[in-house]
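Heads up: the structure comes next, in structure tokens.
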Amino acid sequence: MPDPTGGTSLGEAGGIVAGSLALLAAVGKGVAWLLNWGDARAKTRTAKLDAWHEELEARERKIEEKDRQYREHIETELRQVKMENRALRRAFELVSEPLRRMDPENPGLQQAHDLLSRAFPLDPRMPEDIALLTAQIDQAQLDA
């Protein structure tokens, strides 16, 4: 019922205050939600970046492992090729020496020797396994 004096009643004033407070609370909650939404969005972005970074590190570890395995394979192959080259060079020397005694002026033997000397220079620090094989070959020649 309206106030005959034209003023606001105590109930109306309380309603206005309550409505204003409710409106302020709603606005406050809305602002808090907006601020939290930005934080949540930043946290989600950070989580995505962290997941991407972990995936990238896992890929890098996988690539590094494959590179390590490939490098080990190549090094093993290279050691094998070096050993074979030394053995071939030594075998040629063992075969060519008797041939040179039979035909010392043979240009083919000299040319083969020169080619092999350039391609497979003998290392004075021969590995132990090759030195053992060489000693066995030399001993077999002496026994024959």
Side-chain angles (χ1 to χ4, degrees), residues 1-101 106-144:
M1 183 187 287
D3 187 5
T5 58
T8 352
S9 71
L10 194 57
E12 287 178 338
I16 290 173
V17 169
S20 297
L21 287 176
L23 183 62
L24 284 174
V27 168
K29 290 289 185 179
V31 169
W33 178 82
L34 282 174
L35 292 176
N36 286 338
W37 175 75
D39 287 345
R41 187 172 171 206
K43 287 179 184 175
T44 302
R45 184 179 319 138
T46 301
K48 286 179 183 177
L49 286 174
D50 288 345
W52 179 77
H53 185 69
E54 289 173 8
E55 180 183 334
L56 183 61
E57 285 179 342
R59 285 182 184 176
E60 286 177 351
R61 282 191 299 273
K62 185 177 178 182
I63 289 170
E64 287 172 358
E65 177 62 21
K66 287 175 84 175
D67 284 349
R68 185 191 61 76
Q69 289 175 352
Y70 181 73
R71 193 173 45 255
E72 287 176 359
H73 172 73
I74 293 299
E75 288 171 356
T76 301
E77 291 289 319
L78 182 59
R79 277 191 300 274
Q80 181 66 30
V81 167
K82 284 182 176 181
M83 191 166 69
E84 289 171 358
N85 286 345
R86 286 187 197 116
L88 287 172
R89 172 64 191 263
R90 182 68 181 145
F92 173 77
E93 290 298 326
L94 292 172
V95 170
S96 67
E97 185 61 34
L99 292 174
R100 277 194 208 118
R101 275 190 248 129
N106 188 310
L109 284 174
Q110 186 59 43
Q111 195 174 26
H113 180 268
D114 293 343
L115 286 171
L116 286 173
S117 294
R118 280 191 301 250
F120 308 116
L122 288 178
D123 185 2
R125 299 169 295 140
M126 191 176 294
E128 188 176 322
D129 56 344
I130 299 297
L132 181 62
L133 288 173
T134 304
Q136 288 174 350
I137 292 171
D138 292 339
Q139 185 62 40
Q141 279 184 336
L142 292 175
D143 294 339

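Under the side chain to side chain contact (heavy atoms under 4.5 Å, CB included) criterion, Leu94 pairs with Arg90, Ile137, Asp138, Gln141, sequence neighbours left out. Not a single side chain to side chain donor-acceptor pair (under 3.5 Å) links Asp67 to another residue, sequence neighbours left out. With sequence neighbours excluded, the residues satisfying side chain to side chain donor-acceptor pair (under 3.5 Å) with Gln80 are Glu84. In this structure, the side chain to side chain contact (heavy atoms under 4.5 Å, CB included) partners of Val81, at least two apart in sequence or on a different chain, are Asn85.
To the nearest 0.5 Å, atom CG of residue Leu78 and atom NZ of residue Lys82 are 4.5 Å apart. Once rounded to the nearest 0.5 Å, the distance linking CZ of Arg45 with CG of Asp50 reads 12.5 Å. For the atom pair Leu99 CG and Phe92 CZ, the distance stands at 8.0 Å (nearest 0.5 Å).
Screening residues 54-63 for salt bridge (charged side-chain N to carboxylate O under 4.0 Å, His left out), with sequence neighbours left out, gives Glu55-Arg59.
Neither side chain, Asn106 nor Gln110, offers a donor N or O lying under 3.5 Å from an acceptor on the other.
Residues Thr44 and Lys48 meet the side-chain proximity criterion, which asks for heavy atoms closer than 4.5 Å.
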Show every donor-acceptor pair shorter than 3.5 Å between a side-chain atom in residues 69-77 and any protein atom, with sequence neighbours excluded, or say none if there are none.
unit_1	atom_1	unit_2	atom_2	d
Gln69	NE2	Glu65	OE2	3.1
Glu72	OE1	Arg68	NH1	3.1
Glu72	OE2	Arg68	NH1	2.5
Thr76	OG1	Glu72	O	2.8
Thr76	OG1	Arg79	NH2	3.3

